[in-house]
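Values below: all heavy atoms of this structure, side chains included; hydrogens, waters and symmetry mates excluded. Proteins get letters first, then strands, A, B, ... in listed order; numbering begins at 1 in each.
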Number of protein chains: 2
Amino acid sequence: MADNYNVLELNIGLGNNNNSKVGGHAGQSPRQRCPAPFLLKTYELLEELSENEKDSTKIVSWNAEGTGFVVWSPAEFSELTLPRYFKHNNFSSFIRQLNTYGFKKISSKKWEFKHEKFQRGCRHILGEITRKKCEPSVFPAYLKSSSEENNATSSMEENNDHHQLLMEENKNLKKERLELQMQIDECKTLEMKLLECLSQFMDSHQNKVRRLC
Amino acid sequence: MADNYNVLELNIGLGNNNNSKVGGHAGQSPRQRCPAPFLLKTYELLEELSENEKDSTKIVSWNAEGTGFVVWSPAEFSELTLPRYFKHNNFSSFIRQLNTYGFKKISSKKWEFKHEKFQRGCRHILGEITRKKCEPSVFPAYLKSSSEENNATSSMEENNDHHQLLMEENKNLKKERLELQMQIDECKTLEMKLLECLSQFMDSHQNKVRRLC
DNA sequence: GGGAATATTCCC
DNA sequence: GGGAATATTCCC
């Protein structure tokens, strides 16, 4: 039943997130600690799936040099791989985590990601990778950034940024709409076929019965 | 595959957590908003399981007065019920959420919980239940939009107009998206029924033919 | 890419 | 029971 996402608990187990109380400021010398579950799971996943199959059926793997990894098939990765290691099947949530831990997407064409401390055969330095989120305590981001400038310009720029984002979202929404409409069309076509099938079936059935009588 | 936790997305769907931007101080008059997913799911779960079976096999139900609920069998609840509604099967995580939303355990002998605003038949006031966590950071959202300044003006207004339009279009697109998604869901349901119908028809047809021979 | 809300886990 | 870290979602 709930086996789905227990797999990893066993594999990684012992998941003592000691990270919390290690106390102290940022900029410490790289201290060994237990890596975040996300990193461990992603690493495990690569170890387990990287050598799988021939290249043509590969879903995800280390890159050739072992300095990063590539998701070759985001669709299969999301549907098949993610739920085996995480509590979801959303590619974007996975990406969100990668960003949180400072991974960089290094190609606009492939889903290839790198992090200096995330490399094949180097499980022992995963503990040095930390979440970005710094100083949650301090003032909100918008106050931080605007502090240095005499604005007038800055709020203008912000506006432009917001504008930019809105336009982008808009574009995406329209694309999404198109996709949804296509899905609906497909559905309708299928429905039609099913209905046809059903009616043909009924006809032929009647004929058979008639003949048999 | 990952169906496990998709069940509810459909049921509750539309999961617009609008809670965020309603802005403002605490102690407002009870404002209607979309209830937190956790509350909705817990409510649904009770609606769906409360009347199940005879008392002896009941896992969870509203209490007699409908003013709270009882988990009769934490073990079964954890193993069977939780994963159908949430992304986990840990009783303690469920309890943690109850505490976060201010529920009280009202008996040391039974797992019975109450919240003033969580009662049988009162789905409409779930939106008044809020997380405890107050004032995580001092400055509320409305400070962000310190918009009405004496800034450079003329092209600014044009900009604002465009902005306004964009936002509106955006809102509409989202509404449209929702409608399209609902259409798709309907389509899928119909497809399912058609397929079922077809398969039943084939079965019964085979039987008839068999009898006639 | 990332801010921020909610969910889940871990720990006291 | 609740603080706090991490995970997941939602949104820009």
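- Note on B:K132: a side-chain N or O is less than 4.0 Å away from OP1 or OP2 of D:dG2.
- In the set D:dA7, C:dT6, D:dT9, the nucleotide with an atom closest to the side chain of B:P37 is C:dT6.
- Rounded to a whole Å, the CD atom of B:Q97 is 12 Å from the C1' atom of C:dA5.
- Applying the 4.0 Å criterion to OP1 and OP2 of C:dT8, one finds that B:N90 has every side-chain N and O outside that range.
- A:E47 and A:W62 form a side-chain donor-acceptor contact under 3.5 Å, judged by distance and modelled atom types alone.
- Rounded to an integer number of Å, the gap from B:F38 CZ to D:dA7 C1' is 17 Å.
- Between A:F91 and A:F77, the ring-plane angle classifies as perpendicular under the 30° and 60° cut-offs.
- Put simply, CG on A:N99 is 15 Å from P on D:dT8, counting in whole angstrom units.
- Here A:K87 does not reach the OP1 or OP2 of D:dT9: none of its side-chain N or O atoms lies under 4.0 Å away.
- Of the options B:F103, B:F69, B:Y101, a ring-ring contact (aromatic ring centres under 6.0 Å, His included) to B:F113 is made by B:F69 and by none of the others.
- Among C:dG3, D:dG2, C:dA7, the nucleotide with an atom closest to any side-chain atom of A:R96 is C:dG3.
- The ring of A:W111 has its center no closer than 6.0 angstrom to the ring center of A:F94.
- In this structure, B:F113 atom CZ and D:dG1 atom C1' are separated by 11 Å, rounded to whole Å.
- Rounded to an integer number of Å, the gap from B:L40 CG to C:dA7 P is 10 Å.
- In this structure, CZ of B:F94 is placed 11 Å from P of C:dT8, rounded to the nearest angstrom.
- By the 4.0 Å N-to-carboxylate-O rule, A:E65 lies too far from A:R120 to be salt-bridged with it.
- Across the protein-nucleic acid pair, A:K41 atom NZ and D:dT8 atom C1' stand 12 Å apart, rounded to whole Å.
- Taking atom CZ on A:R131 and atom C1' on D:dA4, their separation rounds to 12 Å, with Å as the unit.
- Phosphate proximity of D:dT6 to A:Y101: absent, as no side-chain N or O sits under 4.0 Å from OP1 or OP2.
- Closest to the side chain of A:H88, from the set C:dG1, D:dT8, C:dT8, is D:dT8.
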